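By convention in this document, chain letters (A, B, ...) are assigned in the order of the sequence lines, proteins followed by strands, and residues within each chain are numbered from 1. Just so it is clear, the model here is predicted, and its values are computed rather than measured.
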There are 2 protein chains.
Amino acid sequence: MHSYTEENYLKALFNLANDKGEVSPNELSKRLAIKMPTVNSMMKKLAEKKLVHYESYKPLRLTDKGRKEAGLVIRKHRLTEMFLVQKMDFGWEQVHEIAEQIEHLHSPLFFEKIDEMLGYPTLDPHGSPIPDKTGKIDWVHYEKLSDCKAGETVKLAAVIQTTDEFLKFLNSRELHLGSKIKIKTVERFDGSMVVTYNKKTAESLSHTVSERLLVEKL
Amino acid sequence: MHSYTEENYLKALFNLANDKGEVSPNELSKRLAIKMPTVNSMMKKLAEKKLVHYESYKPLRLTDKGRKEAGLVIRKHRLTEMFLVQKMDFGWEQVHEIAEQIEHLHSPLFFEKIDEMLGYPTLDPHGSPIPDKTGKIDWVHYEKLSDCKAGETVKLAAVIQTTDEFLKFLNSRELHLGSKIKIKTVERFDGSMVVTYNKKTAESLSHTVSERLLVEKL
DNA sequence: TAAATTTGTTAGATTCGTCTAAGTTATTAT
DNA sequence: ATAATAACTTAGACGAATCTAACAAATTTA
């Protein structure tokens with residue numbers, strides 16, 4: 001079993017991994033708000049445990065084992081978020097903090113029960129995929145709303161970089177997963193969009209917002 | 001805020017306290033399965049924090065502050081147990097382990113929600129009182145079944161020393177909180193009792209069992 | 001390409017919670 | 001009442017996870 005701390009490093013490595021699966025020590029240090037030397041020594045420790053590939057001055061990569069462990073922690077996190085929203089009536093902007101703690105519980109029974117109560121969900125409340133019991137993620141390809149063109153109609157499928165403030169912002173605009181969005185115009189200048197959704201009058205979305213919204217084309 | 005570890009010491013002190021509110025370092029050491037010197041230094045630390053009264057070679061006592069903090073941890077534990085049983089359909093013998101972990105979460109919101117969903121319960125699934133939001137316990141006086149006499153009819157109100165095995169034993173005998181128990185005979189020799197309950201034929205309960213069952217006289 | 005900057009590493013210190021070994025005080029038993 | 005035992009304390013070590021200071025390598029910029 002891994003410590004609370006180790007689990008957090010694994011999760012961060014997983015979440016930061018680019019298409020090559022590589023993460024720089026510096027990125028990791030910033031993400032965790034932990035100084036580089038600490039990260040460095042933890043990477044050596046995780047390398048000892050065969051969870052991370054570590055070589056001096058090279059990017060970090062999770063091993064298959066490390067990726068699986070990370071996936072299982074993320075699974076617990078996302079199942080928990082789903083449970084909090086669906087069974088305990090929390091808002092999608094409230095659940096991250098709580099799930100950050102519950103994800104570290106050691107109780108297969110507890111998470112199996114949650115999974116069952118939820119009907120074995122595959123997506124969390126923000127539209128992110130829930131890893132399966134082997135830690136694997138079934139990646140679905142969505143497009144960023146910011147990559148869509150005027151005239152298209154799309155459905156909001158997932159939200160990324162889900163900070164508290166961003167989710168509250170979406171709440172205030174009544175934008176939810178599943179919202180059907182029609183793109184009226186796209187500004188050349190700043191990439192902002194005018195859109196309509198939910199029978200409402202036109203709303204303007206900045207590029208900062210639209211690149212964090214993942215959509216499915218209809 | 002107190003650490004996970006400190007919370008466990010406070011809880012153990014609370015649970016071990018006798019009528020004088022005193023606990024010996026040795027008892028505490030045994031309960032926590034932590035060696036005496038470690039307990040000793042932790043007591044000094046908690047004394048620094050004004051959570052424990054500590055004097056060399058004297059019994060330990062929680063301060064008012066310490067008792068409050070302990071009560072609040074126990075509150076979270078018992079609310080959690082109630083939630084697991086009532087809302088997640090766990091058995092009363094399954095919830096202790098999970099609650100031992102969840103009790104250390106730092107999220108007032110989470111526990112308030114649980115409390116609300118449960119309708120502000122005052123007893124946990126084993127009949128133990130749930131401390132209020134100030135950490136205070138509303139002690140109710142029940143009698144031990146072992147102190148009752150032949151001919152009496154009582155209602156099972158609470159179970160103490162609730163180990164896994166003991167609760168499973170009660171399950172196997174179909175003894176639940178609320179069961180109405182008629183005491184047929186009491187053995188002089190070993191204190192065992194023959195009782196009937198739940199329309200069943202007579203069952204024999206050893207003294208070891210009956211002294212862990214708290215009852216209300218009817 | 002050489003200097004400046006950023007990134008990464010090493011070395012050594014600190015805090016927390018634990019331990020063992022050894023000594024001291026209190027309690028129990030003879 | 002003294003010896004034996006049990007309870008308690010002190011001293012010192014250790015691993016985990018963190019830090020700062022100083023140095024080394026890689027990258028960027030001039």
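- Residues from residues 10-38 of chain B placing a heavy atom under 4.0 Å of any atom in DNA chain C, listed by number, are B:I34, B:K35, B:P37, B:T38.
- Contact annotation for A:S56: backbone-only contact, meaning every heavy-atom pair under 4.0 Å involves sugar-phosphate atoms and none involves a base.
- Considering only side-chain N and O atoms, B:Y54 lies under 4.0 angstrom from the phosphate OP1 or OP2 of D:dT9.
- Atom CG in A:N40 sits roughly 19 Å away from atom P in D:dA22 (whole-Å rounding).
- For A:S29, there are no side-chain hydrogen bond (donor to acceptor under 3.5 Å, both in side chains) partners two or more places apart in sequence or in a different chain.
- Note on residues 135-144 of chain A: pairs passing salt bridge (charged side-chain N to carboxylate O under 4.0 Å, His left out), not counting sequence neighbours, are A:E143-A:K217.
- Among residues at least two apart or in separate chains, salt bridge (charged side-chain N to carboxylate O under 4.0 Å, His left out) pairs with a member in residues 62-72 of chain B are B:D64-B:R67.
- Counting to the nearest Å, the C1' atom of C:dC16 and the CG atom of B:N8 are 15 Å from each other.
- What separates CE of A:M43 from P of C:dG8 is a distance of 12 Å, to the nearest Å.
- Atoms NZ (B:K58) and P (D:dC8) sit 14 Å apart, rounded to a whole Å.
- Aromatic ring orientation, A:F83 versus B:F83: perpendicular (interplanar angle above 60°, classes split at 30° and 60°).
- Note on residues 17-33 of chain A: no pairs pass salt bridge (charged side-chain N to carboxylate O under 4.0 Å, His left out), not counting sequence neighbours.
- Checking A:N26 against A:S24 by side-chain atom types alone, no donor-acceptor pair falls below 3.5 Å.
- In this structure, A:Y4 reaches neither bases nor backbone, as no heavy-atom distance under 4.0 Å exists between it and the strands shown.
- Distances shorter than 4.0 Å separate none of the side-chain N or O atoms of B:Y9 from OP1 or OP2 on C:dC16.
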What's touching nucleotides 23-29 of chain D from the protein side, N or O pairs under 3.5 Å?
unit_1	atom_1	unit_2	atom_2	d
D:dA25	O4'	A:Y57	OH	3.2

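- The distance from atom CG of B:L60 to atom P of D:dT9 is 8 Å, rounded to the nearest whole Å.
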Can you give the donor-acceptor pairs under 3.5 Å from side chains of residues 50-62 of chain A to other protein atoms, not counting sequence neighbours?
none

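- As judged by a 4.0 angstrom heavy-atom cut-off over every strand, A:S3 is placed among residues touching the sugar-phosphate backbone only.
- At the heavy-atom level, A:K44 lies under 4.0 Å from the strands shown only through sugar-phosphate atoms.
- Screening residues 19-52 of chain B for ring-ring contact (aromatic ring centres under 6.0 Å, His included) gives no qualifying pairs among residues at least two apart or on separate chains.
- Pairs engaging residues 87-97 of chain A under the salt bridge (charged side-chain N to carboxylate O under 4.0 Å, His left out) rule: none recorded [sequence neighbours left out].
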